[in-house]
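In the text below, chain A, chain B and the rest are named by the order of the sequence lines, each starting its count at 1.
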There are 2 protein chains.
Amino acid sequence: MTATQTRDLEAILTRLKERKMRVTKKRERVIAALLTAEKPLNAEELRERGDLDLVTVYRNIEAFEKAGVLQRIPLENGAQLFELTAPDEHYHHLVCRECHQAERLDVCVGEEMRKVAEANGYSHIAHVLEVYGLCSECLEDEA
Amino acid sequence: MTATQTRDLEAILTRLKERKMRVTKKRERVIAALLTAEKPLNAEELRERGDLDLVTVYRNIEAFEKAGVLQRIPLENGAQLFELTAPDEHYHHLVCRECHQAERLDVCVGEEMRKVAEANGYSHIAHVLEVYGLCSECLEDEA
DNA sequence: TTTCCTGCAAAATGTTTGCAAGGCA
DNA sequence: TGCCTTGCAAACATTTTGCAGGAAA
């Protein structure tokens, strides 16, 4: 873990404490796994890197999501990846449909979407925007 | 089926024939179910309304998607809905996170997303944009 | 020492595959 | 007739639930 990652870890643990959630070894490992991976991971990768039960992974994903420190990335095939996020922030991604690498996109359409949704009588609004494609490496492999 | 729906059905069947796919009673029923529902359906609803095996539903979803007459709508929970689409078109939706009703949104960010993705070296680009919220009816039920 | 968290086992959910029978072209 | 499509059974992948033991505050 780099110094920055350690700081991020502390910040997230603090957030959990504020929400009256317990800070356990397992939880630290889940967060550390996501921080050091520097890319979104799926549940199985989290189990492996955190050396814990898959059930624990899923329960913590749910808990972290509620605490606003984690978000889900839906893949084209229905599976999902998970990544850390600051509370009240969220990200969109460019995901390779072959190797499933995901990188953050520097765009967000949140404001527009919120307006459209509210105009239709919806509240508690969230949105998902994911872009799928073939990354340059996978494109070469295919040729 | 309204006259318009019958015409749409014919158009889709023609498209299938062009693609050398067979036009069967089951396929007609899948498409008719989606046309008359006038909203996206999940696999189980398609099985029920078309009175056919779930396996057949999934195989036809895949076949129709390849033929460009159907698209998937990912839900927040990882499940998916299906709806008819014209080839080379696609839609975005406002989905209730409670009752899962989905309505089409009249927005698309395709051009921007394609540019961003290509700038990152990606090809074969697609994107998903779905807005989730609580519809006014479900909001009331909650209170 | 109370309450929350974890692991194990098992179940539920959604989707895919193998194979033989059936139906469109 | 020939090949595509279908249904059944079973496998598979992912996620959820029940319960007893374990650990944080």
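For the pair B/Arg27 CZ and D/dG7 P, the interatomic distance rounds to 11 Å; values are reported in whole Å. Note: CD (A/Gln80) to P (C/dT13) measures 17 Å, nearest angstrom. In this structure, NZ of A/Lys26 is placed 14 Å from C1' of C/dC4, rounded to the nearest angstrom. Atom-to-atom, CG of A/Asp53 to C1' of C/dT6 comes out at 8 Å; the value is rounded to the nearest Å.
Heavy-atom distances to DNA chain D give each of B/Asp51 and A/Phe82 a nearest nucleotide, and the one nearer the 5′ end belongs to B/Asp51. The 5' end of DNA chain D is approached more closely, in terms of each residue's nearest nucleotide, by B/Lys20 than by the other of B/Leu54 and B/Lys20.
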*Sequence-aligned protein contact record of nucleotides 20-25 of chain D, with B where the base is within under 4.0 Å of a protein heavy atom and S where only the sugar-phosphate is*: ---BBS

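Using modelled atom types and a 3.5 Å distance limit, the side chains of B/Glu103 and A/Tyr122 yield a donor-acceptor pair. Side-chain atoms of B/His92 and A/His127 include no donor-acceptor pair closer than 3.5 Å.
Side-chain heavy atoms closer than 4.5 Å link hydrophobic residues (I, L, V, M, F, W, Y) into clusters, and following such links, even through other members, never connects A/Met113 to B/Ile73. A continuous path of hydrophobic side-chain contacts links B/Val95 to A/Val128 [ILVMFWY only; heavy atoms under 4.5 Å].
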Tell me which donor-acceptor pairs under 3.5 Å the side chains of residues 80-87 of chain B have, and how far apart each pair is, sequence neighbours excluded?
{"unit_1": "B/Glu83", "atom_1": "OE1", "unit_2": "B/Arg104", "atom_2": "NE", "d": "3.2"}
{"unit_1": "B/Glu83", "atom_1": "OE1", "unit_2": "B/Arg104", "atom_2": "NH2", "d": "3.2"}
{"unit_1": "B/Glu83", "atom_1": "OE2", "unit_2": "B/His93", "atom_2": "NE2", "d": "2.4"}
{"unit_1": "B/Thr85", "atom_1": "OG1", "unit_2": "B/Glu89", "atom_2": "O", "d": "3.0"}

Side chains of residues 18-26 of chain A: which donor-acceptor partners sit under 3.5 Å, not counting sequence neighbours?
{"unit_1": "A/Arg19", "atom_1": "NH2", "unit_2": "A/Lys66", "atom_2": "O", "d": "3.1"}
{"unit_1": "A/Thr24", "atom_1": "OG1", "unit_2": "A/Arg27", "atom_2": "N", "d": "3.1"}

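Residues from residues 56-66 of chain B that place a heavy atom under 4.0 Å from any atom of DNA chain D, listed by number: B/Thr56, B/Arg59, B/Asn60. Remark: nothing in residues 38-50 of chain B comes within less than 4.0 Å of DNA chain D through any heavy atom.
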*Run the side chain to side chain contact (heavy atoms under 4.5 Å, CB included) check on A/Thr36 and A/Thr2 step by step: do they pass?*
CA-CA 8 Å; A/Thr36 56; A/Thr2 66; over 6 Å; no

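Annotation: side-chain contact (heavy atoms from CB on, under 4.5 Å) contacts of B/Glu65 (sequence neighbours excluded): B/Leu70, B/Arg72.
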